[in-house]
Amino acid sequence: PFEFKKMFREEVYPNIKGQNTKSETLNFALKESKIYSKIKDLIDLYSPIVKFSFLPSYKGVALRLICDKKNAILLEEIKKVLLTRLDLYFFSEKNVSIEEVIFNILSEKKLTISTAESCSRGALGVLLSKFPGSSVIYKGGVISYMDSAKTNLLGISNQKISKYGAVSREVSLEMVKKITSLTKSDVGIAITGVSGPNIYKFNKPVGLAYIAIKYIDKIYTKKIVFKVNNRELHKEMVSYFSLNMLRLIIYNKWRIRKFYN
């Protein structure tokens with residue numbers, strides 16, 4: 001059965017194999033090709049001793065390092081170099097997801113968060129509310145999919161939507177201001193974009209998204225185009241991107257740069 005295969009792969013096999021090996025799994029918000037280019041010299045130098053395995057997904061890339069236990073000290077040294085080079089993109093070890101990272105950060109800082117979503121259709125709210133105790137940090141969200149919902153639920157003026165379009169930096173800013181004001185949360189994330197398959201009016205391309213994040217008293221925005229024409233994938237990619245963007249903002253590491261696309 002599928003469930004048993006998954007359990008064997010994730011729980012049983014690593015324990016059997018781990019009797020004679022040492023492994024580390026590092027998770028990054030960066031494309032596999034970009035990671036490879038940044039660490040190619042390490043792979044070339046140490047690959048006879050350490051196996052470098054890339055496990056990419058829309059959530060990011062898990063880099064797994066495996067070696068014989070006798071080389072465990074070398075593995076730790078390689079890990080230190082990797083984390084120094086890829087510090088900006090590293091978000092966790094082992095099976096810890098970016099949503100769990102954000103949950104832990106906000107819990108520790110005693111901060112609350114709310115969401116205003118359009119093209120992500122509630123996916124971000126699902127990620128933020130998946131852990132026991134999420135109600136301590138996640139106040140709630142609004143899925144304002146139609147333009148009328150942005151006006152009726154969030155109070156964004158028809159004039160602003162008509163002028164800039166619902167998929168715009170200006171509207172994403174209004175969305176995050178309104179949701180944090182409504183919920184009185186410390187942090188807010190707003191997402192609006194074009195999941196396709198059709199190009200949005202104002203000639204805005206499929207894959208486009210605007211993300212606005214309010215953290216305490218500052219607001220940050222990002223325009224990004226995910227090169228996909230799959231509604232479900234776009235929804236997930238923009239949600240995970242926004243969580244990593246928040247992580248970087250919290251740690252004062254946010255820069256205008258591309259991560260997944």
Side-chain angles (χ1 to χ4, degrees), residues 29 58-59 97-158 160-161 164-195 200 208-224 226 231-250 254 260:
Y58 58 82
K59 300 177 183 180
S97 63
I98 186 67
E99 59 264 37
E100 186 172 353
V101 169
I102 294 299
F103 172 76
N104 291 334
I105 293 172
L106 295 181
S107 297
E108 289 169 8
K109 292 181 174 292
K110 294 181 169 56
L111 296 174
T112 57
I113 186 169
S114 56
T115 56
E117 302 182 65
S118 184
C119 66
S120 53
R121 293 172 280 141
L124 183 58
V126 170
L127 294 175
L128 289 169
S129 60
K130 69 186 289 187
F131 302 104
S134 295
S135 59
V136 174
I137 63 125
Y138 185 52
K139 285 204 167 184
V142 169
I143 304 173
S144 52
Y145 201 67
M146 294 179 66
D147 291 358
S148 59
K150 293 176 177 65
T151 299
N152 297 332
L153 299 177
L154 293 174
I156 300 173
S157 70
N158 284 318
K160 180 155 287 189
I161 294 174
Y164 299 105
V167 181
S168 63
R169 176 180 180 274
E170 290 77 11
V171 168
S172 71
L173 280 168
E174 285 299 303
M175 288 170 68
V176 81
K177 289 176 185 177
K178 298 293 186 180
I179 195 63
T180 50
S181 176
L182 284 169
T183 60
K184 295 181 171 52
S185 59
D186 306 299
V187 183
I189 302 179
I191 299 172
T192 182
V194 185
S195 292
Y200 180 69
L208 173 66
Y210 288 90
I211 301 166
I213 295 180
K214 183 177 185 292
Y215 182 68
I216 313 299
D217 58 351
K218 293 182 180 179
I219 298 179
Y220 306 79
T221 63
K222 174 66 177 176
K223 173 187 177 181
I224 186 166
F226 296 95
R231 292 174 59 78
E232 294 304 309
L233 186 56
H234 184 259
K235 175 186 73 172
E236 298 294 337
M237 291 176 76
V238 71
S239 298
Y240 278 99
F241 183 95
S242 67
L243 290 178
N244 189 59
M245 179 176 167
L246 174 58
R247 179 187 67 86
L248 292 171
I249 289 169
I250 292 172
W254 173 245
Y260 292 116

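Any value given below was found using the heavy atoms of this structure, including those in side chains, with hydrogens, waters and symmetry copies removed. Numbers here simply count residues along the sequence, with the first being 1.
For Tyr220 and Tyr215, the ring centers sit 6.0 Å or farther from each other.
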Would Ile189 and Ile179 count as a side-chain contact (heavy atoms from CB on, under 4.5 Å) if you check the C-alpha gap in whole Å, the side-chain angles of each, and the deciding distance to 0.1 Å?
-> CA-CA 8 Å; Ile189 302 179; Ile179 195 63; over 6 Å; no

What do the steps show when you test Leu128 against Phe103 for side-chain contact (heavy atoms from CB on, under 4.5 Å), and what is the final call?
-> CA-CA 7 Å; Leu128 289 169; Phe103 172 76; over 6 Å; no

Could you give me the CA-CA distance, side-chain angles and deciding distance for Tyr240 and Leu127, then say whether side-chain contact (heavy atoms from CB on, under 4.5 Å) is met?
-> CA-CA 9 Å; Tyr240 278 99; Leu127 294 175; 3.5 Å; yes

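The residue from Leu246, Leu248, Ile213, Asn244 that alone fulfils the side chain to side chain contact (heavy atoms under 4.5 Å, CB included) condition with Trp254 is Leu248. Among Asp186, Thr180, Thr183, the one residue that satisfies the side chain to side chain donor-acceptor pair (under 3.5 Å) test with Thr112 is Asp186.
Within 6.0 Å of the CZ atom in Arg169, the count of heavy atoms belonging to other residues, nucleotides or ligands does not exceed 12.
Residue pairs meeting the salt bridge (Lys or Arg N to Asp or Glu O under 4.0 Å) criterion with at least one partner in residues 131-143, sequence neighbours excluded, are absent. The stretch residues 118-132 participates, sequence neighbours left out, in these side chain to side chain donor-acceptor pair (under 3.5 Å) pairs: Glu99-Lys130, Glu117-Ser120, Ser118-Lys150, Arg121-Glu232.
The CZ atom of Phe131 sits 9.0 Å away from atom CD1 of Ile137, with the distance rounded to the nearest 0.5 Å. Separating the OG1 atom in Thr115 from the CG atom in Leu124 is a distance of 5.5 Å, to the nearest 0.5 Å. We find the OG-CE distance between Ser195 and Met237 to be 11.0 Å, quoted to the nearest 0.5 Å. A distance of 9.5 Å separates CE in Met245 from CD1 in Ile224, rounded to the nearest 0.5 Å. The distance from the CD atom of Glu170 to the CG atom of Leu173 is 7.0 Å, given to the nearest 0.5 Å. A distance of 10.5 Å separates CD1 of Ile250 from CD of Glu108, quoted to the nearest 0.5 Å.
Side-chain contact between Cys119 and Ile191 is present, with at least one heavy-atom pair separated by less than 4.5 Å. The side-chain heavy atoms of Leu111 and Ile216, taken from C-beta on, include a pair separated by under 4.5 Å. Contact of the Lys59 side chain with the Ile98 side chain is not registered, since no non-hydrogen atoms from C-beta on lie closer than 4.5 Å. Two residues are said to be in side-chain contact when any heavy atoms from C-beta on lie closer than 4.5 Å; Leu153 and Ile143 fail this criterion. Val238 has its side chain within reach of Phe226: a pair of non-hydrogen atoms, C-beta onward, lies under 4.5 Å apart.
Between the side chain of Ser185 and the main chain of Gly188, no donor-acceptor pair closer than 3.5 Å is present.
Heavy-atom minimum distance, Met175 versus Ser144: CE-OG, 3.8 Å. Listed here is the closest heavy atom pair of Val167 and Gly193: CG2-O, 3.5 Å. The minimum heavy-atom distance linking Gly125 with Tyr138 is given by the pair CA-OH, 3.4 Å. Annotation for Phe241 and Ile211: closest pair CD2-CD1, 3.4 Å, computed over non-hydrogen atoms.
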